[in-house]
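Because the structure is predicted, anything quoted here is derived from the model rather than measured.
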Amino acid sequence: MIKEFFSSFLRYFVNINTAVLITLAVYLTFTGKQTDSSILWEILFSGLITALPSAALVCLDIKSGKVQFLLWLLHFLLIFGIALLMLHLFGLCAITMKSVFITFLAVVFIYLFTSYLHYLMDKSHVALMNEKLRKRYFK
């Protein structure tokens, strides 16, 4: 359980930070804004904070599809709230309808990006395990 948590945490941390950097690069390109290097530490800290509930959720063994869906929805809302809070605490933007909407779009992109990466990694891991099982039991 602890090994699974830390493994998921590390994967989420890397994937979230990668997605946030992509999102920031696109945002800065389109707006023409400049930023200082402190934003890199803020991104790392935000990635750390958002990776914790993500890794914890992966470790839960939920049988019910409805409960799982509700937990993922709650997880998304928690991540969205954390993102808004971090943006406000770091002084990156004032909380307005426009900033909430842009943050929502960014969180949706980051959420889909990390989910897709996890799907690809898990899919390849399962294929590798199945191949090893085939070699071992069906020689």
Side-chain angles (χ1 to χ4, degrees):
M1 178 72 135
I2 292 175
K3 182 180 176 184
E4 181 183 4
F5 172 80
F6 282 113
S7 174
S8 293
F9 172 75
L10 185 60
R11 285 177 29 191
Y12 272 109
F13 179 74
V14 170
N15 293 344
I16 288 168
N17 284 317
T18 301
V20 170
L21 286 173
I22 291 168
T23 304
L24 179 65
V26 169
Y27 176 76
L28 292 176
T29 300
F30 282 115
T31 62
K33 293 183 179 179
Q34 297 293 319
T35 186
D36 59 24
S37 62
S38 66
I39 197 161
L40 297 175
W41 291 107
E42 294 164 353
I43 288 171
L44 289 172
F45 180 72
S46 298
L48 177 81
I49 298 298
T50 54
L52 288 171
S54 302
L57 183 60
V58 169
C59 292
L60 295 177
D61 187 23
I62 302 160
K63 305 293 185 214
S64 169
K66 286 182 181 179
V67 172
Q68 189 171 25
F69 174 77
L70 289 174
L71 281 175
W72 280 104
L73 181 62
L74 179 64
H75 175 258
F76 176 82
L77 294 174
L78 177 66
I79 298 299
F80 178 59
I82 289 171
L84 283 174
L85 180 65
M86 292 293 157
L87 286 171
H88 179 70
L89 289 177
F90 296 143
L92 296 174
C93 70
I95 304 298
T96 63
M97 288 303 289
K98 182 180 176 183
S99 67
V100 169
F101 179 71
I102 291 171
T103 303
F104 179 79
L105 292 178
V107 170
V108 166
F109 168 75
I110 293 164
Y111 205 84
L112 292 174
F113 181 86
T114 57
S115 296
Y116 184 67
L117 286 180
H118 273 266
Y119 168 75
L120 289 178
M121 286 188 279
D122 289 345
K123 183 179 173 183
S124 66
H125 184 71
V126 167
L128 180 64
M129 286 182 2
N130 284 338
E131 182 61 32
K132 287 184 178 185
L133 288 170
R134 265 192 287 281
K135 286 180 181 177
R136 181 174 181 170
Y137 292 110
F138 302 108
K139 291 183 179 182

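Screening Ile16, Leu24, Leu48 for a side chain to side chain contact (heavy atoms under 4.5 Å, CB included) involving Ile43 leaves a single residue, Leu24.
No donor-acceptor pair under 3.5 Å is formed between the side chain of Ser7 and the backbone N or O of Lys3. With hydrogens and angles ignored, the 3.5 Å screen pairs a side-chain donor or acceptor of Ser99 with a backbone N or O of Ala94.
Put simply, Ile110 and Val108 are part of the same group of oily side chains (I, L, V, M, F, W, Y) that touch within less than 4.5 Å, one to the next. By the rule that hydrophobic residues join a cluster once side-chain heavy atoms approach within less than 4.5 Å of another member, Leu77 and Leu85 end up as members of separate clusters. Cluster membership for Tyr116 and Trp72, using ILVMFWY side-chain heavy atoms within less than 4.5 angstrom, is not shared. Cluster annotation: Leu21 and Met86 are assigned to the same hydrophobic cluster (Ile/Leu/Val/Met/Phe/Trp/Tyr, side-chain heavy-atom contacts under 4.5 Å, transitive). The cluster map of Ile, Leu, Val, Met, Phe, Trp and Tyr, joined by side-chain heavy atoms under 4.5 Å apart, puts Phe80 and Leu74 in different clusters.
Closest heavy-atom contact between Val100 and Ile95: CG2-CG2, 3.9 Å. Between Gly47 and Asn17 the shortest heavy-atom distance is CA-OD1, 3.6 Å. The minimum heavy-atom distance linking Ser38 with Asp36 is given by the pair OG-OD1, 2.5 Å. Heavy-atom minimum distance, Phe13 versus Leu44: CE1-O, 3.4 Å. Minimum interatomic distance between Phe109 and Ala19 (heavy atoms only, all atoms of both residues): CE2-O, 3.9 Å.
Once rounded to the nearest 0.5 Å, the distance linking OG of Ser8 with CG of Leu52 reads 12.0 Å. Taking OG1 of Thr96 as the start and CZ of Phe101 as the end, the distance is 12.0 Å to the nearest 0.5 Å. Taking CG from Leu87 and CD from Glu42, the interatomic distance works out to 9.5 Å, rounded to the nearest 0.5 Å. One finds the NE2 atom of His88 at 10.5 Å from the CG atom of Leu84 (value rounded to the nearest 0.5 Å). Atom CD1 of Ile82 is separated from atom CG of Leu89 by 11.5 Å, given to the nearest 0.5 angstrom. Taken from CG in Leu28 to OG1 in Thr35, the straight-line distance is 6.5 Å, to the nearest 0.5 Å.
Open room surrounds CD1 on Ile2; 12 or fewer heavy atoms of other groups in view lie less than 6.0 Å from it.
Between Phe76 and Phe104, the distance from one ring center to the other falls under 6.0 angstrom.
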TODO: Dump the intermediate steps for side-chain contact (heavy atoms from CB on, under 4.5 Å) on Trp41 and Phe90, then the final yes or no.
DONE: CA-CA 11 Å; Trp41 291 107; Phe90 296 143; over 6 Å; no

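By the 30° and 60° cut-offs, the orientation of the rings of Phe5 relative to Phe9 is parallel.
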